[in-house]
Amino acid sequence: MTRFTFTKAQHLRAKADFERVYALKCKAADGVLLLFAARSSSPVTRIGLSVSRKHGGAIVRNRLKRLLREAFRLKQFEIPQGVDLIAIPLAKEKASLDAYQHSLVNVSRRLQRRLDQNSAEPSRNSPSSRMPQ
């Protein structure tokens, strides 16, 4: 039987990790969630949450974070593995557990495809992509 837990190893907490994910600028949104993604060095998918004050006071923001954590906990096996994600809710009127679950799975899969495409394309500045002269 599969256990749906949300362990400390799945939390993205360090400032350096958040900055690394933001710096990659690989993001996608669907009106409910904005997700940033970056490859992780471990096979575990981690999620960080960023809920701004525009959503309301601490009580409202904490509720949104609880909903996002629960959505991640329930859908963690449908989300691509080995990715660090930062989730930012966009519209608090669309904030429901079902909406977050659906959005988290769809947007994370879209980001996984982008990360796969970016890793398959050689860098323009890499020595292997330069033509011999």
Side-chain angles (χ1 to χ4, degrees):
M1 185 169 140
T2 306
R3 291 191 58 194
F4 293 98
T5 59
F6 187 50
T7 64
K8 284 189 177 186
Q10 294 172 303
H11 289 245
L12 191 66
R13 292 188 176 171
K15 182 179 179 182
D17 289 332
F18 271 81
E19 289 173 352
R20 179 181 57 83
V21 175
Y22 283 133
L24 189 59
K25 297 180 181 175
C26 183
K27 62 184 178 178
D30 68 349
V32 177
L33 278 180
L34 170 64
L35 284 181
F36 286 82
R39 290 250 182 253
S40 175
S41 58
S42 71
V44 176
T45 297
R46 300 185 302 169
I47 189 165
L49 306 174
S50 179
V51 182
S52 70
R53 289 185 182 168
K54 74 175 184 178
H55 291 289
I59 294 170
V60 174
R61 292 194 314 270
N62 288 335
R63 175 166 169 67
L64 291 175
K65 288 189 268 189
R66 281 195 305 275
L67 285 171
L68 285 167
R69 281 193 298 268
E70 182 68 3
F72 179 79
R73 185 185 73 81
L74 293 172
K75 295 296 184 176
Q76 64 186 319
F77 298 107
E78 297 178 38
I79 295 172
Q81 298 298 307
V83 177
D84 287 342
L85 300 170
I86 297 176
I88 302 171
L90 294 177
K92 67 179 178 183
E93 63 273 356
K94 295 181 183 178
S96 71
L97 183 59
D98 289 336
Y100 284 151
Q101 287 177 349
H102 181 73
S103 181
L104 195 58
V105 171
N106 290 337
V107 177
S108 65
R109 287 181 180 165
R110 193 175 344 148
L111 285 170
Q112 176 69 33
R113 285 192 297 272
R114 276 192 207 159
L115 289 171
D116 289 343
Q117 287 174 353
N118 289 344
S119 65
E121 295 173 1
S123 168
R124 290 183 182 176
N125 296 331
S126 70
S128 62
S129 67
R130 293 185 191 148
M131 296 296 292
Q133 297 178 359

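Numbers here simply count residues along the sequence, with the first being 1. Below, all heavy atoms of this structure are taken into account, side chains as well, without hydrogens, waters or symmetry copies.
Side-chain contact between Leu97 and Leu74: present, with at least one pair of heavy atoms (C-beta onward) separated by less than 4.5 Å. Using a 4.5 Å heavy-atom cutoff, the side chains of Val60 and Val51 are not in contact. In this structure the side chain of Leu111 never reaches within 4.5 angstrom of the side chain of Val83, judged on heavy atoms.
Heavy atoms only, all atoms of each residue included: Leu85 and Ala37 are closest at CD2-CB, 3.8 Å. Pairing each heavy atom of His55 with each of Leu90, the nearest pair is CE1-O, 3.7 Å. Pairing each heavy atom of Arg20 with each of Ala38, the nearest pair is NH1-CB, 3.6 Å. Considering all non-hydrogen atoms of both residues, Arg73 and Gln76 come closest at O-NE2, 3.1 Å.
Note that the NZ atom of Lys27 and the CZ atom of Arg114 stand 10.0 Å from one another [nearest 0.5 Å]. Considering CG of Leu35 and CZ of Arg110, their distance stands at 9.0 Å, rounded to 0.5 Å. Remark: Arg63 CZ to Leu68 CG distance equals 11.0 Å, nearest 0.5 Å. Separation of atoms CG (Asp98) and CD (Gln101) is listed at 5.5 Å; rounding is to 0.5 Å. If you take NZ on Lys75 and NE2 on His102, they are separated by 10.0 Å, rounding to the nearest 0.5 Å. Summarising the geometry, atom OG belonging to Ser50 is positioned 6.5 Å from atom CZ belonging to Phe18; distances are rounded to the nearest 0.5 Å.
At a threshold of 4.5 Å between side-chain heavy atoms, the hydrophobic network of Ile, Leu, Val, Met, Phe, Trp and Tyr places Leu12 and Tyr22 in one connected group. No continuous path of hydrophobic side-chain contacts links Leu34 to Val105 [ILVMFWY only; heavy atoms under 4.5 Å]. Hydrophobic clustering places Leu49 together with Val107 (ILVMFWY residues linked when any side-chain heavy atoms are closer than 4.5 Å, directly or through intermediates).
Side-chain atoms of Glu70 never come within 3.5 Å of backbone atoms of Leu67 as a donor-acceptor pair (strictly under, hydrogens ignored). For the pair Ser40 (side chain) and Ser42 (backbone), a donor-acceptor distance under 3.5 Å is present. At distances below 3.5 Å, at least one donor-acceptor pair connects side-chain atoms of Gln81 with backbone N or O atoms of Ile79. With Asp30 contributing its side chain and Leu33 its backbone, the two residues share a donor-acceptor pair below 3.5 Å. In this structure, Thr45 contributes its side chain and Pro80 its backbone to a donor-acceptor pair below 3.5 Å. Remark: the backbone N or O of Leu104 is paired with a side-chain donor or acceptor of Ser108 at under 3.5 angstrom.
Separation of the Phe4 and Phe77 ring centroids falls under the 6.0 Å cut-off.
Residue pairs that meet the salt bridge (charged side-chain N to carboxylate O under 4.0 Å, His left out) test with at least one member in residues 32-47, sequence neighbours left out, are Asp17-Arg46, Arg39-Asp116, Arg46-Asp84.
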